Amino acid sequence: MARHNREGEGTDQRGFRYTISYQPDWLRHVKIGRTLPSGRQSTMILFRNPARHRSRSPGDRIRTRIQSPDQALDLEVVVSDTDGRTRRVQVSCWVPNPDGPGEEEVVLTLEDGLPPPL
């Protein structure tokens with residue numbers, strides 16, 4: 001039986017804060033990618049699970065919620081994975097452009113990779 005979600009926080013390349021609700025036995029880290037004002041593509045780890053190993057099986061549903069009130073971003077990703085084969089989920093979303101009118105794309109990558117219990 002999977003455990004309840006945990007809460008974590010992170011800050012991206014532009015200083016925006018995020019809250020991450022994650023499954024402690026599945027999520028290893030969340031990466032965020034975006035294009036900086038210079039035009040350079042930047043990817044960084046937004047959040048890293050402090051656990052080094054799984055305590056239990058992650059269950060048959062992967063559920064992660066990511067919020068950034070400063071960017072009016074509130075999304076939840078739920079993946080049914082009865083065989084435990086999902087290793088990465090990537091979500092592309094649009095947020096207000098802090099440099100002017102319009103929006104910019106951010107790409108959130110959720111990755112598994114926690115080793116099984118010792």
Side-chain angles (χ1 to χ4, degrees):
M1 179 181 203
R3 298 185 292 159
H4 293 287
N5 275 18
R6 303 290 187 264
E7 296 285 325
E9 295 181 343
T11 304
D12 72 8
Q13 302 94 321
R14 299 186 113 184
F16 292 110
R17 296 179 52 107
Y18 293 77
T19 302
I20 297 98
S21 174
Y22 65 98
Q23 287 179 271
D25 297 309
W26 185 82
L27 186 71
R28 181 172 48 124
H29 60 244
V30 176
K31 290 182 182 177
I32 185 165
R34 68 185 334 142
T35 302
L36 299 177
S38 66
R40 186 175 68 87
Q41 187 70 21
S42 174
T43 302
M44 66 175 281
I45 292 179
L46 179 64
F47 170 77
R48 187 181 313 269
N49 186 343
R52 299 282 187 226
H53 293 26
R54 295 178 177 172
S55 292
R56 301 180 191 159
S57 168
D60 60 0
R61 285 191 328 154
I62 299 162
R63 200 175 83 234
T64 306
R65 184 175 183 188
I66 300 174
Q67 297 173 291
S68 178
D70 294 338
Q71 299 178 98
L73 179 68
D74 185 354
L75 65 92
E76 185 172 31
V77 176
V78 181
V79 177
S80 179
D81 183 23
T82 56
D83 294 330
R85 297 183 184 275
T86 303
R87 296 294 178 256
R88 179 179 299 128
V89 176
Q90 197 167 55
V91 179
S92 173
C93 47
W94 293 89
V95 297
N97 184 351
D99 296 326
E103 298 177 312
E104 69 174 341
E105 181 182 28
V106 294
V107 178
L108 298 159
T109 305
L110 302 98
E111 292 192 24
D112 184 15
L114 287 177
L118 296 174

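Sequence positions, counted from 1, serve as the residue numbers for this chain. Being a predicted model, the structure only gives us computed values, none of them experimental.
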Mind checking side chain to side chain contact (heavy atoms under 4.5 Å, CB included) for [X] and listing every partner two or more places apart, or none if nothing turns up?
| X | answer |
| --- | --- |
| Ser80 | Thr82 |
| Thr35 | Gln41 |
| Arg88 | Thr109, Glu111 |

Query raised in the report: For Arg56 and Asp25, what are the C-alpha separation, side-chain angles and deciding distance, and is it a salt bridge (Lys or Arg N to Asp or Glu O under 4.0 Å)?
Result: CA-CA 6 Å; Arg56 301 180 191 159; Asp25 297 309; 5.7 Å; no
Nearest non-hydrogen partners of [X] and [Y], listed with the distance:
| X | Y | answer |
| --- | --- | --- |
| Ser55 | Pro117 | O-CG, 3.8 Å |
| Ile62 | Gln23 | CA-OE1, 2.8 Å |
| Leu114 | Ala51 | CD2-O, 3.5 Å |
| Arg63 | Val78 | CG-CG2, 3.6 Å |
| Ile32 | Tyr18 | CD1-OH, 3.2 Å |
| Cys93 | Leu75 | SG-CD2, 4.0 Å |

Among all residues two or more places apart in sequence or in another chain, which pass the salt bridge (Lys or Arg N to Asp or Glu O under 4.0 Å) test with [X]?
| X | result |
| --- | --- |
| Glu7 | none |
| Asp81 | none |
| Arg61 | none |
| Arg48 | none |

With sequence neighbours excluded, give me every ring-ring contact (aromatic ring centres under 6.0 Å, His included) pair touching [range].
| range | value |
| --- | --- |
| residues 97-118 | none |
| residues 55-88 | none |
| residues 80-118 | none |
| residues 30-60 | Tyr22-Phe47 |

Query raised in the report: Does anything in residues 91-107 pair up under salt bridge (charged side-chain N to carboxylate O under 4.0 Å, His left out), and if so which pairs, sequence neighbours excluded?
Result: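 As it turns out, the salt bridge (charged side-chain N to carboxylate O under 4.0 Å, His left out) pairs with a partner in residues 91-107, which skip direct neighbours, are Arg14-Asp99, Arg14-Glu104, Arg34-Glu104.
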Query - Distance, nearest 0.5 Å, that separates CG of Asp12 from OG1 of Thr43 - result: 11.5 Å
